[in-house]
Structure formats: C-alpha cells, structure tokens
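Report on the structure given below.
Residue numbers begin at 1 in each chain, while the letters A, B, ... track the order of the sequences.
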Protein chains: 2
Amino acid sequence: MDWSDLRIFLAIAREGTLGAAARKIGQTQPTMGRRLRALEQALGQTLFQRTTDGFVLTDEGTAVLRHAERIEEEALALQRHASGAETQLDGLLRLSSSDWFGTVMLSPVIAAFGKRHPRVTVELLTDARLYSLPRREADLVFRIKPFSEPEIISRKLLHIPYALYGKKGSKPPRAGDGRGVRVVTMNVEFADMPDAAWLKRALPNAEVASRSNNRQAQAELCASGGGLAVLPRPLGDRDRRLVALDIGTSPPGRDTFVGYHRDLKRLARLRALLDLVIERLAGAHP
Amino acid sequence: MDWSDLRIFLAIAREGTLGAAARKIGQTQPTMGRRLRALEQALGQTLFQRTTDGFVLTDEGTAVLRHAERIEEEALALQRHASGAETQLDGLLRLSSSDWFGTVMLSPVIAAFGKRHPRVTVELLTDARLYSLPRREADLVFRIKPFSEPEIISRKLLHIPYALYGKKGSKPPRAGDGRGVRVVTMNVEFADMPDAAWLKRALPNAEVASRSNNRQAQAELCASGGGLAVLPRPLGDRDRRLVALDIGTSPPGRDTFVGYHRDLKRLARLRALLDLVIERLAGAHP
DNA sequence: CGATCGTCGTGCATTATTGCATGAGGATTC
DNA sequence: GAATCCTCATGCAATAATGCACGACGATCG
C-alpha cells in the first residue's frame with residue numbers, strides 16, 4: 001500500500017468526485033481514478049460505490065476513512081512541527097481576520113513588516129468563514145472571541161471602541177425612540193452581536209434600511225446616506241464622510257484576540273510579525 | 001510533502017544506512033537517498049546527520065520520527081483492518097511457533113489444510129525471536145506464555161506433557177543424585193524454564209554435556225548419545241531412537257496458547273485454519 | 001601499509017507514472 | 001425531447017521517477 005494514496009482517498013471521500021478531489025490536491029482526474037483503483041487493489045476491497053452522483057463510501061471505506069483521518073492529523077502535526085522549527089526569516093505567513101480589521105488595522109502593520117523583512121510573503125485573508133489553525137489554513141488568526149482550543153496560543157490584543165455614525169452633517173436622534181430613523185445593521189446571522197443588540201435597545205423604533213455582514217460595506221452604506229450604523233471607531237473615524245453621533249449612551253466595545261498554533265511557536269517570521277503587531281496595536285493600550 | 005517518503009524515512013532511521021533500508025522496503029539505495037532528500041527539502045530541515053557510520057537522526061529528525069511512527073501504526077492498523085474484512089479463502093497466512101512445535105505438531109495440520117484450501121499459502125516461521133502480531137509479521141502465533149495484550153485474541157490450545165528421554169536401551173538413573181549422568185539442557189538464556197529447573201532438582205549432580213535453545217537439536221543430541229534430555233512427549237515419542245525414562249517423578253508439562261490480532265477476526269482463511277488446528281490439536285483433549 | 005569491504009553520490013538508459021484529449025454514459029434544463 | 005453539462009474511463013505522448021553501473025571516500029583487517 002502506498003501511503004500517498006491515502007491522501008487521495010481522503011480527498012475523494014470529502015469531495016465526492018474525482019475531478020473535485022483532483023483540483024483540491026493539484027492533480028488530474030484520471031490520476032485520481034487510477035490511484036484509487038491501486039489503493040482498492042492493495043487493500044483488496046472496494047472503498048467507494050460508484051453512484052450516479054459521485055463516489056460514496058462503502059462500509060469498508062468508512063472504516064478506512066477513520067484511519068486515514070488520523071494519519072492526516074498526524075501528518076499535519078508533523079508539518080506544523082517542521083515549520084515551527086524554521087528559524088529563517090523568509091517564506092510565507094497567512095493571516096486571517098475580519099474584513100475591516102484587516103484593511104484598517106492590519107494593513108499598515110503588514111506594510112511596515114514587509115519593509116523590515118522583504119523576503120517574507122504575508123497573505124491577508126479576510127473571509128466570513130474562520131480559517132483553521134490546526135489545519136494550517138492560516139498561521140495567525142485575529143478574531144473577537146477568545147480561543148479555547150488547548151493547542152492554540154492566544155492573547156488579547158486590544159479593545160476596540162464602537163460608536164454610532166451618521167453621514168456628515170446629520171444630527172443625533174433621540175435615544176430610546178428612533179422613529180423615522182433609518183439604520184444599517186448586521187446580517188441576521190449575526191443579529192445577536194452586542195452592538196446590534198445595543199442599537200435595537202437605543203433606537204427600538206428605527207427602520208432597518210439595509211444589512212450586511214461586512215463592516216466596510218456598512219460604513220459605505222452609511223456614508224452614502226443609507227442610514228445610521230454602529231461601527232468600530234478605527235473604521236468610522238478614518239472616513240471623513242462620517243461623523244460619530246452622541247446620543248447619551250455608547251455602544252459596547254469589543255476585545256480582539258490573536259491566536260496561533262503552538263507548533264509554530266518557534267517560527268521566527270511568525271514571532272517577528274506578532275511582535276510588530278503587538279507593538280503597533282496593543283502598544284498604545286497595554 | 002509525500003506521505004510515502006515517511007515510510008522511507010522510518011526505514012532509514014531504523015536501519016541506519018540507505019542500502020539496508022532499501023533492502024527492507026524493496027527499493028534501491030539511490031532511490032532512498034533521493035526520496036530522503038526530497039522529504040528534507042519539503043520539510044525544510046535536515047533530518048539526518050551523515051556520519052561515517054551511517055545516518056543518525058538530528059533533533060528535528062527525532063521529532064519527525066515520533067510522528068512518523070504514529071502514522072505507521074495507524075497505517076498498519078488500517079491494513080490489518082482491511083485484511084480482516086477479506087472473506088475469500090485465498091492469500092497468505094503466516095504462522096509463528098517454536099521449532100519443534102512447528103515441525104511436529106503444526107506440519108501435519110498445515111498439510112491437511114493445504115489439501116482442503118489449495119489457494120491459501122501457509123508460511124511457517126520457527127524462530128527464536130517472537131514475531132509481532134501488531135506489526136503483522138505473523139498472523140497466528142503459538143507460544144507457551146498466555147497473551148496479555150488487549151488487542152490480541154488468544155486461547156489455550158492444549159497441554160503438552162514432558163518426559164525425560166535417553167538413548168534407546170539406556171537405564172533410568174536414580175532420582176535425587178545424578179552423579180555420572182550426562183544431560184542435554186536448555187540454553188543458559190532459558191535456564192529458568194520449569195523443565196530445566198525440574199531437571200536440576202531431579203538430578204542435581206548430573207553433568208551438563210551440552211545446551212541448545214532448540215528442542216529438536218536436543219533430541220538429536222540425546223539420540224546420538226549426548227546425554228539425557230527433558231523433551232515434549234510429542235517430540236520424544238516419535239523418535240524411535242529415544243526412550244522415555246521413568247525415575248519416579250515427572251517433569252512439569254506446559255500449556256500452549258495460540259493468539260491472533262483482533263483486526264483479523266473476520267479473516268476467513270485464518271478462521272478456517274484456526275478451526276482445523278483446534279480440531280486436530282485441542283480436539284483430543286478439550 | 002596495502003587490500004578489501006562497505007558506504008554514499010551521480011550519469012544514463014529504462015521503466016513507470018502522469019497529463020492531455022477524447023468518447024461514452026447519465027442527469028438536468030429549456 | 002434535444003441540447004447541455006456534468007461525470008468517469010481509456011489510448012497515447014510527454015514527463016518524471018526508478019534502477020543500474022560506476023567512481024570516490026572511509027573503515028577494517030591481515
């Protein structure tokens with residue numbers, strides 16, 4: 001049995017078709033089919049049922065999958081461990097954060113880091129979905145919730161104050177009512193976020209003009225006269241078309257945390273970037 | 001990183017030289033060198049120190065070894081699992097037992113099994129060292145000590161009586177003394193075996209003429225006039241040049257156990273052979 | 001101290017594997 | 001119901017990996 005074929009088996013099991021699996025791994029569809037056949041032959045069993053809608057695992061295939069997953073986990077740990085021991089200051093770093101935090105807060109830090117360490121390539125991923133640290137889809141993750149996984153090293157980075165913003169020149173509405181006021185707020189999916197809840201309490205009768213899961217889009221909507229919005233101050237204050245509105249009460253702020261896998265603790269370039277991030281972002285408010 | 005290279009890495013780590021590792025895996029020395037180089041390059045670290053007496057692991061290599069060993073364990077389990085699901089009555093079965101037990105007790109059973117299932121190849125390994133069931137160096141192991149590993153399924157097979165033998169025509173010595181008697185006994189390594197201890201008690205003053213870890217060799221020595229020997233009755237009784245000597249007391253018998261990995265529980269050919277073994281060997285004395 | 005044995009690395013021919021292009025089959029869509 | 005889109009399997013050419021033969025180096029032994 002060729003151990004590499006297990007990786008192909010995993011991809012097929014997850015994607016369901018040879019083509020999709022091939023794209024994921026970076027090989028071609030015929031190769032996937034041939035290697036799978038080789039694996040099945042080596043094990044003496046049929047791992048997949050060839051149905052009209054793709055490859056579905058047989059019972060034996062399911063059993064093999066469990067083993068293959070454990071092997072993959074171990075292989076990923078091995079690679080992380082190896083990367084963690086790299087002491088050179090070149091290579092790739094992948095960061096993951098929310099959209100506005102990436103553009104507003106991280107971009108300048110990344111730019112400064114790039115000047116100091118030109119041989120390190122920094123990839124900034126801003127995506128709704130969370131990138132996995134254990135699978136090393138990202139090396140450094142910035143997010144609002146603290147990390148609870150034991151193998152993740154994390155620290156609180158800084159506190160982000162929030163404020164209610166309106167288009168420049170608009171007047172603060174009266175707190176407690178909000179009748180006739182149009183607001184831009186979070187996606188329904190994130191309706192339970194503290195700032196959305198605060199907005200609902202402060203202006204209960206306001207009309208929701210539009211929603212977005214993207215803070216920058218919210219800011220843009222707000223600046224274009226789409227309504228009032230609760231925004232992080234670092235984001236709202238830099239847009240000269242926006243003005244913070246004081247209605248007596250303030251929206252809650254949020255802590256931002258940063259985390260990375262402990263296998264990468266000794267990765268020099270990660271350490272260097274993290275130090276710079278802390279200096280620039282957390283340094284002001286330690 | 002190519003997962004297959006981890007297997008090559010393991011072989012090199014264990015064997016110490018590329019050539020030996022190549023022989024173990026069934027490839028050639030240049031290939032081993034190239035694949036190792038590829039792995040080191042993929043991980044970005046030097047795994048081995050090239051010394052005059054072979055490849056020795058670096059610190060990073062040792063860390064990788066731990067992961068690779070876990071991966072191997074999982075891969076072996078996967079293969080056992082797959083084999084265990086084979087329901088066909090062909091393929092290979094490897095048995096491991098002591099020398100005399102293999103030739104005297106197992107050979108006739110294997111011969112009968114071969115007639116009934118001609119497509120199954122049975123390999124009988126008689127070796128001083130114990131073959132590993134978890135690593136699947138053997139599928140079925142016969143031995144004197146019960147199995148304690150949780151993943152091994154075992155049962156007591158039969159009780160083997162022992163007796164003191166001499167060359168045909170020789171007279172039983174007087175128990176308790178043994179002066180002037182020459183005996184053949186176990187290797188010093190196995191001096192604490194019950195039958196060796198019994199012999200020492202029964203004939204304390206006997207002279208040890210020769211030793212061997214091989215019961216058949218002991219029988220041969222005994223038959224050639226090399227001295228008296230304690231032998232399993234199934235072995236001693238079938239040699240017409242030997243005669244059992246009654247000196248009033250009898251050496252202790254031994255139980256023989258048979259064990260196999262539970263992953264192979266459903267392996268049809270294993271089940272078939274085991275049933276036959278039990279019928280032929282344990283059937284008489286259940 | 002020379003000879004021999006073993007090791008590893010490298011050039012080159014062979015072999016095996018891969019990727020591309022194509023065809024067949026089935027489901028969905030208009 | 002024909003067209004389209006997807007799937008997978010297969011023949012063939014290009015590519016990559018392998019095995020063999022050789023040379024260099026070092027250790028061991030007589």
Side-chain angles (χ1 to χ4, degrees), chain A residues 1-62 64-65 68 71-72 75 78-79 82, chain B residues 1-62 64-65 68 71-72 75 79:
Chain A
M1 180 186 67
D2 189 336
W3 290 6
S4 299
D5 289 347
L6 291 175
R7 202 219 235 115
I8 283 161
F9 164 81
L10 271 175
I12 299 174
R14 283 173 182 149
E15 301 297 325
T17 71
L18 296 184
R23 256 165 274 136
K24 190 134 196 176
I25 291 204
Q27 282 185 338
T28 58
Q29 168 260 324
T31 301
M32 304 300 277
R34 288 188 275 242
R35 303 299 291 269
L36 174 61
R37 204 186 312 157
L39 180 65
E40 288 185 326
Q41 205 161 339
L43 296 180
Q45 339 201 215
T46 308
L47 268 16
F48 290 98
Q49 220 170 359
R50 275 75 167 170
T51 74
T52 57
D53 47 27
F55 284 60
V56 302
L57 285 165
T58 61
D59 291 349
E60 296 82 14
T62 310
V64 169
L65 179 64
I71 288 178
E72 183 195 35
L78 188 156
Q79 286 181 299
Chain B
M1 180 187 67
D2 188 338
W3 290 5
S4 299
D5 290 347
L6 290 176
R7 204 222 233 113
I8 282 159
F9 165 80
L10 271 174
I12 299 174
R14 284 172 181 151
E15 300 297 323
T17 72
L18 296 185
R23 256 165 274 139
K24 189 135 198 175
I25 290 202
Q27 283 185 337
T28 57
Q29 167 261 321
T31 301
M32 304 300 278
R34 289 189 275 242
R35 304 298 291 269
L36 175 61
R37 204 186 311 155
L39 180 66
E40 289 184 327
Q41 205 161 341
L43 296 180
Q45 340 200 213
T46 307
L47 267 16
F48 289 98
Q49 222 170 355
R50 276 75 168 168
T51 72
T52 57
D53 47 26
F55 284 60
V56 300
L57 285 164
T58 61
D59 291 349
E60 297 83 12
T62 309
V64 169
L65 179 64
I71 289 177
E72 184 195 33
Q79 287 182 298

dG19(D) OP1/OP2 closer than 4.0 Å to side-chain N/O of Thr31(B): yes
Identify all pairs in which a protein N or O lies below 3.5 Å from an N or O of nucleotides 6-12 of chain C, and state each distance.
residue	atom	partner	partner atom	Å
dC8(C)	OP1	Leu18(B)	N	2.5
dC8(C)	OP2	Gly19(B)	N	3.3
dG9(C)	N7	Gln29(B)	NE2	3.0

Pairs where residues 40-51 of chain B contributes a residue and the test salt bridge (charged side-chain N to carboxylate O under 4.0 Å, His left out) is met, not counting sequence neighbours: Glu40(B)-Arg50(B)
Pair Thr58(B), Glu60(B): side-chain N/O donor-acceptor within cut-off below 3.5 Å: yes
Rounded distance (Å) that lies between atom P of dT17(C) and atom CG of Asp2(B): 13 Å
Residues which pass side-chain hydrogen bond (donor to acceptor under 3.5 Å, both in side chains) with Arg7(A), listed by chain and number, not counting sequence neighbours: none
Between P of dG19(D) and CE of Met32(B), the distance in whole Å: 10 Å
Nearest-angstrom distance from the residue atom CD of Gln27(B) to P of dT15(C): 17 Å
Aromatic plane relationship, Phe9(B) with Phe48(B) - under 30° parallel, 30 to 60° tilted, over 60° perpendicular: tilted
Member of Arg37(A), Arg34(A), Arg35(A) meeting the side-chain hydrogen bond (donor to acceptor under 3.5 Å, both in side chains) criterion with Asp5(A): Arg35(A)
Integer-rounded Å distance: dA17(D) C1' and Leu36(B) CG: 16 Å
Residues Ser4(A) and Ser4(B): side-chain donor-acceptor under 3.5 angstrom: yes
